[in-house]
K.L.:
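Have a look at this one before I ask anything.
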Amino acid sequence: TSWSNAASLSNARCFHTAILLQSGKVLVIGGEGSGSTALASCEIYDPVADTWSPEGNLNTARYCHNATLLYSGLVLVTGGKPDATNYLSSCEIWDPAANWSSATSTHAWKPDTSATLIPARAYHSSFLIPGEKPYILAIGGENSGGELNSIEQYDVGLGYRKIWQSTITNYPSMTTIADSMDIDGILFRGVSEADGGNHSHVVSNDHPIISLLRVGGGNWQDNGGGAILHMPHSTSWDASHTNVHPEISDFEGYYRLWTIVNGIPCKWYVTCLSVEEEKQSSTMKGQSIKVYPNPAIQGSGIKFQISGLKSSSKISIYNLSGQLVRSIATHNSQFTTYEITWDGRDSEGTKVRAGVYFYKMSSEKHENVGKFVILF
């Protein structure tokens, strides 16, 4: 792994924010320029073309602010400093699909007067909290009175009713990159009271956004438990069915599946599916091993069903760092298929943490390797 040079920013800046947009481009917002001057300018980076282009200016120049990507693709900027001594309570919203200024082809920033911080703050953190009604937390920071321990909550403000939410009813437990993936559900076309006068009227041209949200550590934006993989639109879809596929090879792993229709997230699901480079086969010369449930949930235990092996073998379980977690010896058996259960504890008897694990089953002549995920 190594670093390589990319195109330089048009304006040198520090104390700025950078947001990965749903388009895959990066929006850089404000910051401090030469002479300790707050910047209102913004730029967008295209990683495919390796180019920067100017974006609409903030209404208020600021640095040491924070920015949060919303479900809808909008970006909310909160607080910050306009100079060395003052602090801002104002917030602004950027919309990639809107142009509030006819004088420019860039996307203008719109002040959000409903989201004024109390008190003003800079150097704070902000996070989008997922759920049926998502909201943002602004945490800590400082202002003219010193460090802050206060937390503020901002309603994202979609204003939807639960009956408007799409629901995923059926999906594959595993898929491979570039594989077709059939998903069934309800209200994939959304609803529109404006068109039909009631919530049951569907919108014929509103395609659902189908995304995968990585399972793991990290925060919502930073995607160890957050990297969001948006899948290409399908040419075959209706209100209850769509067909999509992952296409980026770097996103192998375990994900939660979710949809956004008319900017409204679907009802939350705790189950997840695995995305792999290619279908794994755990069969060698008539010997096979099946691991289930996969993913494993609290209290279920992990079962290894072994087929086609009459001699003794050993199952070794490793974490992502390659450390041995537990070894389980199987026994000589007169049966060609038998099952053993791992209780989810390491060799010291401590329950393991949630995450991805690898197993290796080895016998005198054969070896099988695979992976599974634990959610508890």
K.L.:
Would you name the heavy atoms of Gly349 and Arg345 that are closest together and state the gap between them?
P.N.:
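What the structure gives for the nearest pair is O-NH1, 3.1 Å.
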K.L.:
Taking only residues two or more places apart in sequence, or in another chain, which ones meet Ser150 in a side-chain contact (heavy atoms from CB on, under 4.5 Å)?
P.N.:
Pro119, Arg121, Leu148
K.L.:
Would a single hydrophobic cluster contain both Ile340 and Tyr359, if residues Ile, Leu, Val, Met, Phe, Trp and Tyr are joined by side-chain heavy-atom contacts under 4.5 Å?
P.N.:
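Linked, Tyr359 and Ile340 end up in one cluster.
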K.L.:
Starting from Ile328, can I reach Tyr357 by hopping between I/L/V/M/F/W/Y residues whose side chains sit under 4.5 Å apart?
P.N.:
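As far as the 4.5 Å side-chain criterion goes, Ile328 and Tyr357 are connected within one cluster.
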K.L.:
If you round to the nearest 0.5 Å, how far is NZ of Lys360 from CD1 of Ile317?
P.N.:
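It is 12.5 Å, given to the nearest 0.5 Å.
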K.L.:
Sub-3.5 Å donor-acceptor pair from the side chain of Glu92 to the main-chain atoms of Leu76, do we have one?
P.N.:
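Checking the backbone N and O of Leu76 against the side chain of Glu92, no donor-acceptor pair under 3.5 Å is found.
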K.L.:
Would you say Leu21 and Val77 are hydrophobically clustered, going by side-chain heavy atoms of ILVMFWY under 4.5 Å?
P.N.:
yes
K.L.:
Closest approach of Trp109 and Cys42, non-hydrogen atoms and distance?
P.N.:
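Where Trp109 meets Cys42 most closely, the heavy atoms are NE1-SG, 3.5 Å.
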K.L.:
Nearest 0.5 Å please: distance from the CG atom of Asn149 over to the CD1 atom of Ile139.
P.N.:
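Going from CG on Asn149 over to CD1 on Ile139, the span is 12.0 Å.
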K.L.:
Are Ile151 and Leu88 co-members of a hydrophobic cluster defined by side-chain heavy atoms under 4.5 Å apart?
P.N.:
no
K.L.:
Measure the spacing between OG of Ser89 and CD of Glu152 and express it to the nearest 0.5 Å.
P.N.:
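Output value for this atom pair is 9.0 Å.
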K.L.:
Give a yes or no on whether the backbone of Asp184 and the side-chain of Thr169 come within a donor-acceptor separation of less than 3.5 Å.
P.N.:
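Looks like yes, one N/O pair under 3.5 Å.
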K.L.:
Report the C-alpha separation of Thr259 and Ile183 in whole Å, then their side-chain angles, then the decisive distance to 0.1 Å, and conclude whether the side chain to side chain contact (heavy atoms under 4.5 Å, CB included) test is met.
P.N.:
CA-CA 10 Å; Thr259 65; Ile183 302 170; 5.6 Å; no
K.L.:
Can you tell me if Glu55 uses its side chain to pair, donor with acceptor, with the backbone of Ser41 under 3.5 Å?
P.N.:
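Looks like no, no N/O pair under 3.5 Å.
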K.L.:
For the residue pair Lys81 and Tyr63, would you count it as a cation-pi contact if the rule is NZ or CZ under 6.0 angstrom from the ring centre and within 45 degrees of the ring axis?
P.N.:
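The answer is no; the distance or angle limit is not met.
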K.L.:
The test is side chain to side chain contact (heavy atoms under 4.5 Å, CB included); show your working for Cys64 and Glu32 and say whether it passes.
P.N.:
CA-CA 8 Å; Cys64 300; Glu32 182 183 85; over 6 Å; no
K.L.:
Is Asp346 reaching over with its side chain to a backbone N or O of Val352, donor-acceptor style, under 3.5 angstrom?
P.N.:
no
K.L.:
Quick one: does Trp94's side chain have a donor or acceptor within less than 3.5 Å of a partner on Leu74's backbone?
P.N.:
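Not a single qualifying donor-acceptor pair exists.
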K.L.:
Taking Asp50's backbone N and O only, do any of them form a donor-acceptor pair with Asp46's side chain (distance below 3.5 Å, no angle check)?
P.N.:
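It does not hold such a pair.
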K.L.:
Just grab all the ring-ring contact (aromatic ring centres under 6.0 Å, His included) pairs involving residues 15-45, residues at least two apart or on different chains.
P.N.:
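Every ring-ring contact (aromatic ring centres under 6.0 Å, His included) pair that includes a residue of residues 15-45, provided the two are not neighbours, is Tyr45-Trp52.
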K.L.:
Counting only heavy atoms not in Glu147, do more than 12 fall under 6.0 Å of its CD?
P.N.:
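No.
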K.L.:
If you measure only the distance, is there a donor-acceptor pair under 3.5 Å linking the side chains of Thr78 and His124?
P.N.:
yes
K.L.:
Kindly give the heavy-atom pair with the smallest separation between Ala61 and Ala40, and that separation in Å.
P.N.:
CB-N, 3.6 Å
K.L.:
Shortest non-hydrogen contact from Pro82 to Asn86?
P.N.:
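In terms of heavy atoms, the two residues are closest at CD-O, 3.3 Å.
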K.L.:
To the closest 0.5 Å, what do you measure between CG (Asn66) and OH (Tyr123)?
P.N.:
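Between Asn66 CG and Tyr123 OH, I get 13.0 Å after rounding to 0.5 Å.
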K.L.:
Run the numbers on Phe304 and Trp342 for side chain to side chain contact (heavy atoms under 4.5 Å, CB included), then give the verdict.
P.N.:
CA-CA 8 Å; Phe304 298 90; Trp342 176 45; 3.9 Å; yes
K.L.:
For Ile44 and Val28: C-alpha separation, side-chain torsions, deciding distance, then whether side chain to side chain contact (heavy atoms under 4.5 Å, CB included) applies.
P.N.:
CA-CA 6 Å; Ile44 282 189; Val28 169; over 6 Å; no
K.L.:
Atom OG in Ser327, atom NZ in Lys314: separation rounded to 0.5 Å?
P.N.:
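The NZ atom of Lys314 is 5.0 Å from OG of Ser327, to the nearest 0.5 Å.
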K.L.:
Quick one: pull up CG in Asp83 and CZ in Arg62 and give me the separation to the nearest 0.5 Å.
P.N.:
12.5 Å
K.L.:
Between Asp343 and Arg326 (salt bridge meaning N to carboxylate O under 4.0 Å), is one present in this structure?
P.N.:
yes
K.L.:
Please report the closest heavy-atom contact between Ala12 and Leu39, naming both atoms and the distance.
P.N.:
O-CD1, 3.9 Å
K.L.:
Verify the distance criterion only: is there a donor paired with an acceptor across the side chains of Thr68 and Ser126 at less than 3.5 Å?
P.N.:
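Yes - a donor-acceptor pair under 3.5 Å links their side chains.
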